[in-house]
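First up is the structure itself, then whatever we jot down about it.
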Amino acid sequence: MKIRFISLLFMLMLLFACKEKEANRNYLNETVFDKDARMEWWREARFGMFIHWGVYSVPAGVYEGRNISGTGEWLMSICQIPIDTYKTFSTGFNPQKYNALEWVRMAKNAGMKYIVITTKHHDGFCMWDSKYTDWDIIDATPYKKDVIKEFADACKQEGMKLGFYHSLLDWAHADAKGEKFASYRENYLKPQLKELLTNYGEISILWFDGDWIDEWTNEQGSDLYNFVRNLQPNILVNNRVTKGRNGMQGMSVEGEFAGDFGTPEQEILNEASTLDWEACMTMNDTWGFKLHDENWKTTAFLIFNLVDACAKGGNYLLNVGPTSEGLIPQASVERLNEMGEWLNRNAEAIYGSKRTDIKIESSNMRYTQSKTNKHIYATVFGTLSDSVVLKSVSPLSGSKITLLGFDENLKWRWDNIYGLVIYIPENLKNGGKLSTIANVFKMEATVAKVTQSPVISTIEFSDVKKALFNQKEEIILTSINDDAEIFYTTDGSIPNLQSTKYISSFEISNSCTLKTIALSKGAIISSVSEAVLKQCNTFSRLDLKNKPSVNYPAQGYLTLADSARGSLYFKDGAWLGFESVDFEADIDLGKSKKITSVSTGFLQDLLSAVFLPIEYTVFLSHDGINFREAGKVNHTLDKNEMQQIRTFKIDIKPTKARFVRIVAKNVAQCPDWHSGAGGKASLFADEIIIE
Ligand code: H79
């Protein structure tokens, strides 16, 4: 019994030990699923407020009567002010006009979904009531109230997500450099973070900074990440917690580093990233308030930055630097208001939106898309003119296209050359309600996945651009996309969904321009291919005994009778080329005609082993069976005739006949005097004229 009691006790102790272990979880091997769940709100939020507020707002960029260049919060370092001198500024920090609720509501009205506020910047000043130092708002300022507490309460009241900025480095703490750093970290940094993460309710983000100091190592970062997550399991921690940052660039370098999102500072990535990232940026040129920084960005530019970041898959953390009185500068208030107005109308394109795979199409527009991929939003910056052209999206057939904030269905058309053309109606353009900063087009569309246009073939030739036919021609259309539907027109217009749908091969019996396009699931996915198909009735039939080489088929046999003559360039598409074989054409004129001459053009291009015929003979017939010779010319090849076109003509004493046979003898092998002696010789023919 006794033994049993002891073993029970032992088991209980073991259980507690396990519980203890469980309390200290390792969050570095979190599953993707868990991370996605934790990041979800942040990925949808898109737009946040950064607040840099501290004792540096007292000097406000002025020291010993001089305006100091550089950012306001770096004043102590820039002016090399000894910490004891710097500390006297805190007596001027008395933000009587501070109203946390007002600030939170201002952020909310601006369309911001979270706020990150400085708890401690590099100067080490603590904005909350910390029991580990006197260098805090309670002990060192006349204000003597915990501004972080007020702020956390206001955020809670307004349902605003709250994040803490916290500097890893500390210019005020004696142990915060060199060998004593471990003591600073374990006995000051971590205990203070514990205060911040246990006394102020739910904290959504920890935004570390100062990772670049030599004392800070990757191991310390991983340990701190776990420390923070164990205190607030759902918190997001930026990548500056470790050494993963790519120099001052915000994104993490390759490899495994703790940290949930990249932090490009004062920059927006050039291209979309699949990683989570947040661009933190100032409205003027400083984070902490400066009296003499009036270099404010325009609202239009701030909106551009927000949309630009969203389009590239990032968030935008926009800074305000309140004064030591507790006021957000008026210039910031105005810009926040204007951004809020814009976002009110265009929220859909921002919150919960995703980046697209579209590369930047032009400097004045950006694309985002809805989470379900159903809608694409095109934000076009600047005043709209009569129409807008978008090149990277394929609207679904019959898609409504609207401008966010207006019900009106806009007229649009797909133009093969330009892309999607959307028309802005007069009443909207002149109604004074469109934004002069940026307007958002909403459409059901897919990212244009332009594929090869359909291939046009005849029975004889594939991929024809021009073809001649006699009475009629059979046309075959094919697409490399299995799921593509092919539409075509024969009247010269650009095909669309209303055009004839291709089902199987079809016949044409008149000259026409055939245009065809591929669509997939209602979206246009190809450019237009076209073929000029010309009926050629010169002869009712033309047969060739030997086929021309597939390399030189021109537009088929009828090229010989299309009234267009070949040039000196043998690949010009007018010549039929016969390799080693003779040219032998049988022509049916349809009915008996009086014939006085039969001519055919031939090419010589010695460098390409193309020779004029060595013999040209014409035969005539009434029935197409019995032919008699009507004339012959022999020709001796001349090595000095490098390049020339010669028409071989047989004049005939007027004779009636329906059938004509032309035989031109190919030298077949390059003659002895030719550089290709003994090799394959060609005969090129074009244009037969029977008079
Ligand atoms: O908190 C803000 C900055 O104070 C902080 N990160 C953002 C979010 C930051 N720390 N370091 N840096 C930014 C970059 C360092 C810039 C410096 Fe300079 C160059 C420090 C001294 C020379 C420019 C001139 C900035 C301060 C003076």
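Quick caveat, the model's predicted, so the values are computed rather than measured. When a residue number appears, it is its place in the shown sequence, counting from 1. All ligand and atom numbering here is 1-based and tracks the order in the structure.
The distance criterion of under 3.5 Å between nitrogen or oxygen atoms is not met by Trp207 with respect to ligand 1. Any N or O atom pair closer than 3.5 Å counts here, and Asp209 shares at least one such pair with ligand 1. The distance criterion of under 3.5 Å between nitrogen or oxygen atoms is not met by Trp212 with respect to ligand 1. An N or O contact shorter than 3.5 Å is missing between Trp287 and ligand 1 by distance.
Cation-pi geometry between Lys190 and Phe227 is satisfied (NZ or CZ under 6.0 Å from the ring centre, within 45° of the ring normal). A cation-pi geometry, defined here as NZ or CZ lying under 6.0 Å from the six-membered ring centre and within 45° of its normal, holds between Lys87 and Trp135.
Side-chain N/O atoms of Glu294 and Trp296 include a donor and acceptor closer than 3.5 Å. Counting only N and O atoms by type, the side chains of Lys312 and Asn270 include no donor and acceptor under 3.5 Å apart.
Counting the atoms of ligand 1 from 1 in the order shown, those under 4.0 Å from a heavy atom of Tyr165 are 1 (O). Proximity to His122 (heavy-atom distance under 4.0 Å) selects the following atoms of ligand 1: 10 (N). Applying the 4.0 Å criterion to heavy atoms of Ile78 picks out, from ligand 1, the atoms 26 (C), 27 (C). Ligand-side atoms of ligand 1 in range of Glu265: 3 (C), 5 (C), 6 (N), 7 (C), 8 (C), 9 (C), 12 (N), 13 (C), range being under 4.0 angstrom from any heavy atom.
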Could you pull out every donor-acceptor pair under 3.5 Å between side chains of residues 47-56 and any protein atom, sequence neighbours left out?
residue : atom : partner : partner atom : Å
His52   : ND1  : Asn319  : OD1          : 2.9
Trp53   : NE1  : Thr323  : O            : 2.8
Tyr56   : OH   : Trp53   : N            : 3.2
Tyr56   : OH   : Trp53   : O            : 3.4

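Remark: side-chain polar atoms of Asn230 are paired, donor with acceptor, to backbone N or O of Arg25 under 3.5 angstrom.
Residue-level proximity to ligand 1 for Thr118 is absent, since no heavy atom of it falls below 4.0 angstrom.
A salt bridge (Lys or Arg N to Asp or Glu O under 4.0 Å) check over residues 268-291, counting only residues at least two apart or in different chains, returns the pairs Arg43-Asp276.
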